[in-house]
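Read through the structure below, which is laid out as structure tokens, and then see the notes.
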Amino acid sequence: MTQIGVLVGNPRPASRTLQAALALREALAATLGVPVAGPVVDAAELAPAVFTEPDTIKAALQSLGQADFLVVATPTYKAAYTGLLKAVLDQAPPGWLKGKVVVPLQIAAADKHALAVEVHLRPVLAELGAVVPQALFLNESALPADATTFDLEALKVLR
């Protein structure tokens with residue numbers, strides 16, 4: 001079965017970034033004609049272990065490495081991706097994403113950050129071996145105020 005994994009670098013658990021990544025995964029699954037399946041890693045849940053429990057991070061990365069496709073989503077912090085996402089990705093082994101198709105999604109409050117996904121996140125994923133056919137930016141104004149009411153239609157811009 002084809003799996004689409006999700007890695008979210010928002011330091012807030014169950015964030016709107018997570019909901020947007022899951023919606024993007026649904027859209028990718030529909031486009032590929034496959035069921036929605038695959039590991040989901042919310043880095044906020046790993047935050048306490050990032051620097052103290054390398055085996056926990058290794059297990060999460062290993063789980064994501066089993067997916068055929070990967071969505072990596074992050075909010076924009078200081079005109080780049082989050083330090084939490086960087087800390088998780090820094091623990092990935094060389095070539096971790098070799099040959100995997102990865103779709104990065106970066107969310108920001110202002111369109112002036114639209115290139116951050118191309119300038120900062122895409123190169124890190126490429127360094128890990130990912131094939132990145134399309135990097136996506138989304139202005140957070142397109143997201144609902146409450147993550148629990150997130151609807152796939154909020155990502156219609158991505159279709």
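On a predicted model such as this, the values are computed, not experimentally measured, just so you know. Both backbone and side-chain heavy atoms feed into the values below; hydrogens, waters and symmetry mates do not.
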Minimal non-hydrogen separation, [X] against [Y], with atom names:
| X | Y | value |
| --- | --- | --- |
| Glu118 | Arg122 | OE1-NE, 2.7 Å |
| Ala73 | Ala21 | CB-CB, 3.7 Å |
| Leu70 | Leu7 | CD1-N, 4.4 Å |
| Thr82 | Leu85 | OG1-N, 3.1 Å |
| His120 | Tyr81 | O-CE2, 3.4 Å |

Tell me whether Phe69 is reachable from Met1 by hopping between hydrophobic residues (I, L, V, M, F, W, Y) whose side-chain heavy atoms are closer than 4.5 Å.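 No, separate clusters.
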
Got a list of side-chain donor-acceptor pairs under 3.5 Å for residues 93-107, not counting sequence neighbours?
unit_1	atom_1	unit_2	atom_2	d
Trp96	NE1	Leu61	O	2.9
Lys100	NZ	Gly65	O	2.9
Lys100	NZ	Ala67	O	2.7
Gln106	OE1	Val117	N	3.4
Gln106	NE2	Thr76	OG1	3.1
Gln106	NE2	Ala80	O	3.2

Taking only residues two or more places apart in sequence or in another chain, which ones pass side-chain hydrogen bond (donor to acceptor under 3.5 Å, both in side chains) with Thr52?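 For Thr52, no residue satisfies side-chain hydrogen bond (donor to acceptor under 3.5 Å, both in side chains) once neighbours in sequence are set aside.
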
Taking side-chain hydrogen bond (donor to acceptor under 3.5 Å, both in side chains) as the test, write out the residues that go with Thr17, two or more places apart.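 Partners of Thr17 by the side-chain hydrogen bond (donor to acceptor under 3.5 Å, both in side chains) criterion, ordered by chain and then number, come out as Asn10.
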
Pairwise distance NE2(His113) to NZ(Lys78) - rounded to 0.5 angstrom: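 Between atom NE2 of His113 and atom NZ of Lys78 there are 10.0 Å.
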
Measuring from atom CG of Leu32 to atom CG of Asp68, what distance do you get when rounded to the nearest 0.5 angstrom?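 Nearest 0.5 Å value for the CG-CG distance: 9.5 Å.
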
Kindly give the cluster partners of Val119, where membership spreads through any ILVMFWY side chain lying under 4.5 Å from a current member.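 Its cluster mates, by chain and number, are Leu115.
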
Determine whether Val8 and Thr74 satisfy the following criterion, side-chain contact (heavy atoms from CB on, under 4.5 Å), listing intermediate values before the conclusion. CA-CA 6 Å; Val8 175; Thr74 183; over 6 Å; no

Please set out all donor-acceptor pairs under 3.5 angstrom arising from side-chain atoms of residues 125-139, sequence neighbours excluded.
unit_1	atom_1	unit_2	atom_2	d
Asn139	OD1	Ser141	N	2.9
Asn139	OD1	Ser141	OG	3.0
Asn139	ND2	Asp111	OD1	2.9

Donor-acceptor pair, side chain of Gln91 and main chain of Val50, under 3.5 angstrom: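 Indeed, once roles are kept as given, a pair shorter than 3.5 Å links the two residues.
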
Would you say Ser63's side chain and Ala59's backbone share a donor-acceptor pair under 3.5 angstrom?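 Not a single qualifying donor-acceptor pair exists.
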
Please list, one pair per line, the donor and acceptor atoms closer than 3.5 Å that link side chains of residues 36-47 to other protein atoms, with sequence neighbours excluded.
unit_1	atom_1	unit_2	atom_2	d
Asp42	OD1	Ala44	N	3.4
Asp42	OD2	Ala14	N	3.0

